[in-house]
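A short write-up of the structure that comes next.
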Amino acid sequence: MQSQKTIELEQAHIFQTYKRQPVVLVKGEGARVWDADGREYLDFVSGLAVCGLGHCHPAVTRAIAHQAGQLVHTSNLYYTVPQAQLAARLAALTGLDRVFFCNSGAEANEGAIKLARKFGGLSHPDRYHIVCTHGSFHGRTLATLAATGQARYRQGFGPMPPGFRHVPFNDTQELKAAVDRQTAAILVEPVQGEGGVNVANSDFMACLAALREETGVLLIFDEIQCGLGRTGRWFAFEHYGVRPDIITLAKSLAAGVPMGAFCAREEVARALSLGDHGTTFGGNPLATAASLAMLAEMERQGLPDQVTSTGKRLTQGLQELAGRHSMIVEVRGLGLMVACQLAGDGAPLVDACRERGLLVNCTAGNVIRFLPPLVVSPAEVDRALGILDLALGAL
Ligand code: PLP
């Protein structure tokens with residue numbers, strides 16, 4: 001009853017921009033969620049790579065409740081303790097010196113683009129171009145849409161801000177040809193998420209590093225989806241040994257409280273001076289306290305290493321299923337950012353899984369994406385694989 005009423009209210013009053021699954025979620029714990037009718041689901045979406053510690057982890061819940069009783073918001077006219085502490089923590093983790101806090105992934109990329117333009121402009125007034133990759137996704141603001149390498153997201157919203165060009169992902173020749181004296185930065189997701197879980201190869205990442213060395217172009221890595229433990233390292237760039245000049249983060253950064261950030265090395269960060277950029281909510285005490293609690297818990301549990309082992313179990317299980325179900329044509333990914341490329345439309349499989357108690361996501365039309373909480377247990381991985389096996393068999 002409650003479900004029906006909620007769906008009716010949504011359909012009457014909310015912009016119809018989301019293709020929602022027909023479930024009303026009311027509660028979560030770890031890797032499980034429950035709908036308004038009391039049905040339990042294994043959640044292999046995690047709010048789209050947001051709830052890394054699972055739902056309602058006690059350490060995060062406690063930190064949020066405590067901070068909510070102390071001070072929720074102040075604006076950036078004042079200093080706050082959790083914001084300063086989190087900045088130091090992120091600087092240590094990323095190896096980059098300074099952090100700017102914002103509220104979402106799009107905003108983090110928007111800020112990184114502004115920073116790259118300002119820095120580029122210091123050496124040459126025309127140095128504002130950003131090279132991006134086909135299949136990328138960087139957000140829904142105008143600049144991040146212009147950066148996104150999928151034309152369908154831009155349709156009807158033109159004209160786009162100028163200065164963005166795209167090259168095929170993992171194509172070193174095209175990449176080299178696209179970088180010239182006007183290029184301020186190259187913006188790349190080391191593992192593309194929305195584009196279908198495409199992992200950068202080491203030649204491509206080495207080429208990025210070489211281009212930086214030769215031309216002084218900045219490297220911006222969008223680790224909004226693939227960062228913070230998701231691939232089995234704190235950051236995906238660690239797999240390649242190429243540290244970016246700017247990294248963008250969001251999604252899991254505050255364990256479900258909305259927050260984004262971009263971090264940069266000192267010389268680059270200095271391009272933004274007093275009054276150049278700002279936000280009312282960015283880095284507020286509630287979000288930063290949640291983030292500090294999450295990072296401490298990730299460290300305590302040694303989560304990135306655990307992700308490598310559960311990720312391997314998931315990938316091997318999917319490969320085994322691919323051997324028995326011809327509908328799966330490829331399994332790919334890194335850590336717990338894994339996907340099955342299907343021979344056809346992925347929507348019926350998403351439905352078949354949900355009907356059997358497993359939530360998964362379909363992206364790029366025919367790619368089933370698995371983004372379980374980083375704390376998912378081996379038993380939960382096995383259960384998900386069992387449900388997927390049944391769902392594949394039923395189609
Ligand atoms: N960058 C990447 C890699 C993403 O996956 C997303 C969201 O899916 C974004 C940017 C945009 O983040 P947000 O939806 O928080 O604006």
Side-chain angles (χ1 to χ4, degrees), residues 15 17-20 44-52 94 100-116 130 132-150 152-154 157 164 166 169-170 185-200 205 219-231 235-237 239 244 246-263 279 281-284 287 290-291 333-339 360-365 367 369-372 374:
F15 275 73
T17 60
Y18 297 110
K19 190 162 181 285
R20 295 184 202 262
F44 271 45
V45 180
S46 320
L48 285 171
V50 167
C51 307
T94 59
F100 185 95
F101 291 111
C102 53
N103 311 287
S104 69
E107 221 186 307
N109 284 332
E110 185 85 21
I113 291 164
K114 284 178 71 180
L115 173 59
I130 313 280
C132 315
T133 60
H134 292 164
S136 61
F137 183 83
H138 299 296
R140 305 282 196 148
T141 62
L142 284 174
T144 58
L145 276 182
T148 289
Q150 303 182 62
R152 68 194 164 99
Y153 289 110
R154 285 191 283 275
F157 297 113
F164 295 86
H166 296 86
F169 191 59
N170 279 336
I186 307 171
L187 169 59
V188 168
E189 294 164 81
V191 184
Q192 291 185 335
E194 303 302 302
V197 187
N198 306 307
V199 183
M205 295 299 266
L219 300 186
I220 309 173
F221 289 171
D222 176 344
E223 295 225 13
I224 285 162
Q225 189 163 149
C226 65
L228 292 164
R230 174 63 51 192
T231 66
F235 299 102
F237 73 73
H239 291 281
I246 306 172
I247 192 169
T248 57
L249 305 171
K251 286 200 181 275
S252 70
L253 181 56
V257 180
M259 184 161 69
F262 59 91
C263 311
T279 154
F281 288 118
N284 92 3
S291 183
L334 208 51
L336 282 173
M337 188 169 176
V338 187
V360 293
N361 167 253
C362 174
T363 190
V367 177
R369 188 166 41 159
F370 302 89
L371 299 164
L374 308 184

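Not measured: the values here are computed from a predicted model. Counting starts at 1 for both ligands and their atoms, in listed order.
- The 12-atom threshold is not exceeded at CZ of Phe281, counting heavy atoms of other residues, nucleotides or ligands nearer than 6.0 Å.
- Residues lining ligand 1 at a heavy-atom distance below 4.0 Å are given as Ser104, Gly105, Ala106, Asn109, Phe137, His138, Gly139, Glu189, Glu194, Asp222, Ile224, Gln225, Lys251, ordered by chain and residue number.
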May I have the list of side-chain donor-acceptor pairs in residues 248-262 shorter than 3.5 Å, sequence neighbours left out?
from: Thr248; atom 1: OG1; to: Asn109; atom 2: OD1; distance (Å): 2.8
from: Lys251; atom 1: NZ; to: Leu48; atom 2: O; distance (Å): 3.2

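- The line from CD of Glu189 to CZ of Phe137 is 9.0 Å long, rounded to the nearest 0.5 Å.
- Paired with His138 under the rule side chain to side chain donor-acceptor pair (under 3.5 Å), one option of Thr148, Asp222, Thr144 passes, and it is Asp222.
- Note that OG of Ser136 is 7.0 Å distant from CD of Gln150, once rounded to the nearest 0.5 Å.
- Residues Tyr153 and Leu145 approach most closely at O-CD2, 3.6 Å, considering heavy atoms.
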